[in-house]
Amino acid sequence: MVGFLKDSLNDTKALLDQRKTGSISGFVYAIMVFALERFACVREELSLTPPAKKIPLMLAWMDVLSKAPVNGTRIETFRDLLQNMKRDEVVWQPYHDFGELSDEFKDQLSMIYLRVPCICFNAVAYNRPDKCFRQLGLKKSELQRLSRSRSKHTKVKFSQHKGQDWRAVRPFYRKVNEEWDNHHNYSVRKSEAPQQALSDFMTTLAPNGSPFQVRLRFECGSDVIWERCD
């Protein structure tokens, strides 16, 4: 869903930059809830009261919107509100006060810090937490630098490689799938240790189980972000 929405937003922005009209495809309700949670000026213009917090937020907002009065606010009004909004008027972390997550969601928390491709069939768009780190409660000094992908994504039609493994026939799709398979290596947080398969690396060095010692050290500038000795 995220990959498809981000790809659609990129297409829409390109059309708007050319002064052409465009529409957004996909689960647009998610974008609307994103705005309602973060921008108080939009809620006030629509006379909406935020719902009680629950996970997921979209379900809570569904109850509110089903009872909301019809509002004829013009799109120009919202554009003016957003363009004149100040940084301290944004709710950067709407999930911040939810308390302890249940165990079934805890293993997903690290995903929000990963700069990885979101892949939805022929649509590919990168999640860029390094660009929206304030929403994750991070400071710029807490980010680690990751090499940027130089691959250019040219979206192709579904029918172009019908019945084929796109990873085999298009290098770009092979690359983004490899990045996703190793997604834990792409955290933007300095405190996140790379999760590369260390045991596989050690097995390669000593396939017969002979004793050895290896020291791994990852640095970002002058900061040591992870070190391990085995």
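Bear in mind the structure is a predicted one, so any value in this text is a computation, not a measurement.
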Student: Side chains of Glu179 and Tyr126: is there a donor and an acceptor less than 3.5 Å apart?
Tutor: yes
Student: Taking Glu45 for the side chain and Val42 for the main chain, is one N or O donor matched with an acceptor at less than 3.5 Å?
Tutor: no
Student: May I ask whether Leu46 and Leu81 are part of the same hydrophobic cluster, defined by side-chain heavy atoms of I, L, V, M, F, W, Y residues being less than 4.5 angstrom apart, directly or through others?
Tutor: yes
Student: Find the distance between CG (Leu15) and NZ (Lys13) and round it off to the nearest 0.5 Å.
Tutor: 11.0 Å
Student: Can you get from Met58 to Phe39 by hopping between Ile, Leu, Val, Met, Phe, Trp and Tyr side chains that sit under 4.5 Å apart?
Tutor: yes
Student: About how many Å separate CZ of Arg115 and OG of Ser187, when rounded to the nearest 0.5 Å?
Tutor: 11.0 Å
Student: Could you state the interatomic distance from CZ (Arg145) to CG (Asp130), rounded to the nearest 0.5 Å?
Tutor: 11.5 Å
Student: Please report the shortest heavy-atom distance between Trp180 and Met111, naming the atom on each side.
Tutor: CH2-CE, 3.2 Å
Student: For a quick test of reading the model, state the closest non-hydrogen atom pair linking Tyr173 to Val176 and the distance between them.
Tutor: O-CG2, 3.4 Å
Student: Looking at side-chain heavy atoms only, is the closest gap between Glu142 and Lys190 below 4.5 Å?
Tutor: no
Student: Looking at every heavy atom in both Glu37 and Pro94, which two are closest together, and how far apart are they?
Tutor: OE1-CB, 3.3 Å
Student: Between atom CZ of Arg170 and atom NZ of Lys175, what is the distance when rounded to the nearest 0.5 Å?
Tutor: 15.0 Å
Student: Are Arg189 and Tyr113 in a cation-pi setup, meaning NZ or CZ lies under 6.0 angstrom from the ring centre and within 45 degrees of the ring axis?
Tutor: yes
Student: Do Val64 and Leu48 have side chains that get closer than 4.5 Å, going by heavy atoms?
Tutor: yes
Student: Between Arg174 and Arg167 (side chain of the first, backbone of the second, donor and acceptor by atom type, cut-off under 3.5 Å), is there such a pair?
Tutor: yes
Student: Can you tell me how far apart CD1 (Ile119) and CG (Asn177) are? Round to the nearest 0.5 Å.
Tutor: 4.0 Å
Student: To the nearest 0.5 Å, what is the distance between NE2 (His183) and OG (Ser110)?
Tutor: 7.0 Å
Student: Do Gln93 and Arg134 have side-chain N/O donor and acceptor atoms under 3.5 Å apart?
Tutor: no
Student: Check for a donor-acceptor pair, side chain of Arg43 on one end and backbone N or O of Leu36 on the other, with a separation under 3.5 Å.
Tutor: yes
Student: Could you check if a side-chain atom of Met32 sits within less than 4.5 angstrom of a side-chain atom of Leu65, using non-hydrogen atoms only?
Tutor: yes
Student: Mind checking whether Leu82 and Val91 sit in one hydrophobic cluster, side chains of I, L, V, M, F, W, Y counted as touching below 4.5 Å?
Tutor: no
Student: If two hydrophobic side chains count as joined below 4.5 Å and joins carry through other members, does Met85 share a cluster with Trp92?
Tutor: yes
Student: Quick one: does Leu114's side chain get under 4.5 Å of His184's, heavy atoms only?
Tutor: yes
Student: Does the distance from a Lys or Arg side-chain N to an Asp or Glu carboxylate O, for Asp88 and Lys86, drop under 4.0 Å?
Tutor: no
Student: Looking at Asp63 and Lys67, is any side-chain nitrogen of the basic one under 4.0 Å from a carboxylate oxygen of the acidic one?
Tutor: no
Student: Is there a chain of hydrophobic side chains (I, L, V, M, F, W, Y, each step under 4.5 Å between heavy atoms) that links Val33 to Met62?
Tutor: yes
Student: What heavy-atom pair brings Phe133 and Lys140 nearest, and what distance separates the two atoms?
Tutor: CE1-N, 3.6 Å
Student: Asn127 side chain to Pro117 main-chain N or O, any donor-acceptor pair under 3.5 Å?
Tutor: no
